[in-house]
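We name chains A, B, ... by the order of the sequence lines, and we start the count at 1 in each one.
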Protein chains: 2
Amino acid sequence: MSHIPAGIRQTQKEKTRQALLDAALGLLEGQSLSSLGLREVTRAVGIAPTAFYRHFRSTADLGVALVEEALGSLHEMIGTTLAATGDSDERITRAVDLIADHVRTHAPHVRFIARERHGGVEPVRTAIGEQLDRFAEEVAVELAKHPEAKGWSEDDVLMLARLYVDHMVMTACAFLEAEPGTEERVADLARRQMRLVSLGRRHWLD
Amino acid sequence: MSHIPAGIRQTQKEKTRQALLDAALGLLEGQSLSSLGLREVTRAVGIAPTAFYRHFRSTADLGVALVEEALGSLHEMIGTTLAATGDSDERITRAVDLIADHVRTHAPHVRFIARERHGGVEPVRTAIGEQLDRFAEEVAVELAKHPEAKGWSEDDVLMLARLYVDHMVMTACAFLEAEPGTEERVADLARRQMRLVSLGRRHWLD
DNA sequence: AGTTTCGGTGAACGCCTGTTCACTGACTAA
DNA sequence: TTAGTCAGTGAACAGGCGTTCACCGAAACT
């Protein structure tokens, strides 16, 4: 008997909710959230359309939940990656490999974020923007710890952090759209771009 | 009597076609192309739904036409901007101002491109991707002309060009989402990021 | 054991959609 | 002047949509 109830009822509800999220994510591989129908999702799960309302107020609400699922778990990953040791090139290689891996294992999630970041559903756009802002702040904190950040203004650190985060998103999108077999070309491009940025970083205070 | 006929008929058809594009662009401020209905567009123009087919095969077809309208005219602008004289900082300032201006005067077009670049309609995604590829190549040609490109491999020039183009798109999106009054902060961030990239560029061959 | 809670149901509401078809009537070309 | 072209029409079809409501039955609480 656990302290948290987690009865049969709550468990089933969570399972159905997850099924709805999974089904929606699948359907969203080929369309945008603003054209995703509630009936479409419930049909894919095998429940009545009305049951949808027991879990989400609307498809926009479901979208926000998907943002959480797609990006919520990435915060700690970013922290540990940046805190890792190694010289600049090693860290760049590791970062790009990590992005490639993540896109490979979570393609639908990444596609959803790329699509809805500037998509037609305002609450979802906002949710993604907030998550990316958080990423940038977290990256900034890690960058500030590094000895290379000595003499940098707080604003300039954040500027660099945003550049890294946006480049990360850009790279993820490039992997997503890469024809099978051309991923290494994308990775090589991303690494060289990051190397150039790192070079600029080292000479920022000249 | 012009050599090109351009009779009353053809003129009217072109006018209606443009009205359809304009109406669609307006409707697309609040939704994605994949959820845009053909009836919705014709209703906004004030013609029968069936008349839509006289101009476009589908809404995807209309989307591709919108890509042409939004990006087709930008090629020469990019060329002249990069060919302009001035030191690095002046050129950066001018480029960012140009982006800000363009977003101000063509917000719906920019929003459409941002939204559909990774949107749910494949032909439109492809059309945007092709235009951005062309931009990158054109930027690469201009960069190669510059004395700073001495000793650079062709591949590295293209790498830098892609970074500039993607940063341009990123900046345009940032202007789009900037709260009124915060545009100068966005511009300042973009300029510093470009300055850092330019710094990396200068030390690439060290 | 009795009562309440609540995830899921199925019918029904009014409205929307893309596409077809035969059609009209102003412009065009002979 | 006559014949043809063709942008735009309006009705009809067969479906889709989001949302409402009263209802069921098993789990949860007392």
Closest-nucleotide 5' rank along DNA chain D - winner of Pro49(B) and Pro49(A):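 Looking at DNA chain D, the more 5' nearest nucleotide goes with Pro49(B).
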Lys/Arg-Asp/Glu bridge criterion (N-O < 4.0 Å) met for Glu138(B), Arg134(B):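 Salt bridge present between Glu138(B) and Arg134(B).
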Polar side chain donor-acceptor pair, His118(B) to Glu177(A), under 3.5 angstrom: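 Side chains of His118(B) and Glu177(A): pair found under 3.5 Å.
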Distance-only polar pair, side chains of Ser34(A) and Ser35(B), donor-acceptor under 3.5 Å: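 Checked: Ser34(A)/Ser35(B) side chains pair up, N/O donor to acceptor below 3.5 Å.
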Give every pair of a protein N or O atom and an N or O atom of nucleotides 2-4 of chain D that lie under 3.5 Å apart, one pair per line with the distance.
none

Contact residues, residues 22-47 of chain B to DNA chain D [heavy atom, < 4.0 Å]: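 Residues of residues 22-47 of chain B under 4.0 Å from DNA chain D: Arg39(B), Ile47(B).
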Any residue meeting side-chain hydrogen bond (donor to acceptor under 3.5 Å, both in side chains) with Glu122(B), in chain and number order, not counting sequence neighbours: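 Partners of Glu122(B) by the side-chain hydrogen bond (donor to acceptor under 3.5 Å, both in side chains) criterion, ordered by chain and then number, come out as Thr126(B).
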Donor-acceptor pair, side chain of Glu68(A) and main chain of Ala65(A), under 3.5 angstrom: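 It does not hold such a pair.
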Donor-acceptor contact below 3.5 Å, side chain Arg115(A) vs main chain Gly119(B):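 At least one qualifying donor-acceptor pair exists.
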Could you state the atom-to-atom distance from [atom1] of [X] to [atom2] of [N] in whole Å?
| X | N | atom1 | atom2 | answer |
| --- | --- | --- | --- | --- |
| Lys15(B) | dG8(D) | NZ | C1' | 16 Å |
| Lys13(B) | dC6(D) | NZ | P | 8 Å |
| Phe52(A) | dG18(D) | CZ | C1' | 11 Å |
| Arg17(A) | dC6(C) | CZ | C1' | 17 Å |

Test salt bridge (Lys or Arg N to Asp or Glu O under 4.0 Å) applied to Arg162(B) - qualifying residues, sequence neighbours left out: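 By the salt bridge (Lys or Arg N to Asp or Glu O under 4.0 Å) rule, Arg162(B) matches Asp133(B).
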CA sep, side-chain torsions, deciding dist, call: Lys145(A), Glu142(A), salt bridge (Lys or Arg N to Asp or Glu O under 4.0 Å): CA-CA 5 Å; Lys145(A) 288 181 190 167; Glu142(A) 290 299 327; 3.2 Å; yes
Selection: residues 53-62 of chain A, any non-hydrogen atom under 4.0 Å of DNA chain C: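 Arg54(A), His55(A), in order of number.
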Those residues that, when tested against Phe135(A), pass ring-ring contact (aromatic ring centres under 6.0 Å, His included) (two or more places apart):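 Expected list: His75(A).
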Any Thr16(A) side-chain N or O less than 4.0 Å from OP1/OP2 of dG8(C):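 Checking dG8(C) against Thr16(A), a side-chain N or O does come within under 4.0 Å of OP1 or OP2.
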Between CG on residue Asp87(B) and OG on residue Ser198(B), distance to nearest 0.5 Å: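 One gets 10.5 Å once the value is rounded to the nearest 0.5 Å.
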Parallel, tilted or perpendicular: ring planes of His109(B) versus His106(B), cut at 30 and 60 degrees: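 His109(B) vs His106(B) ring planes: tilted.
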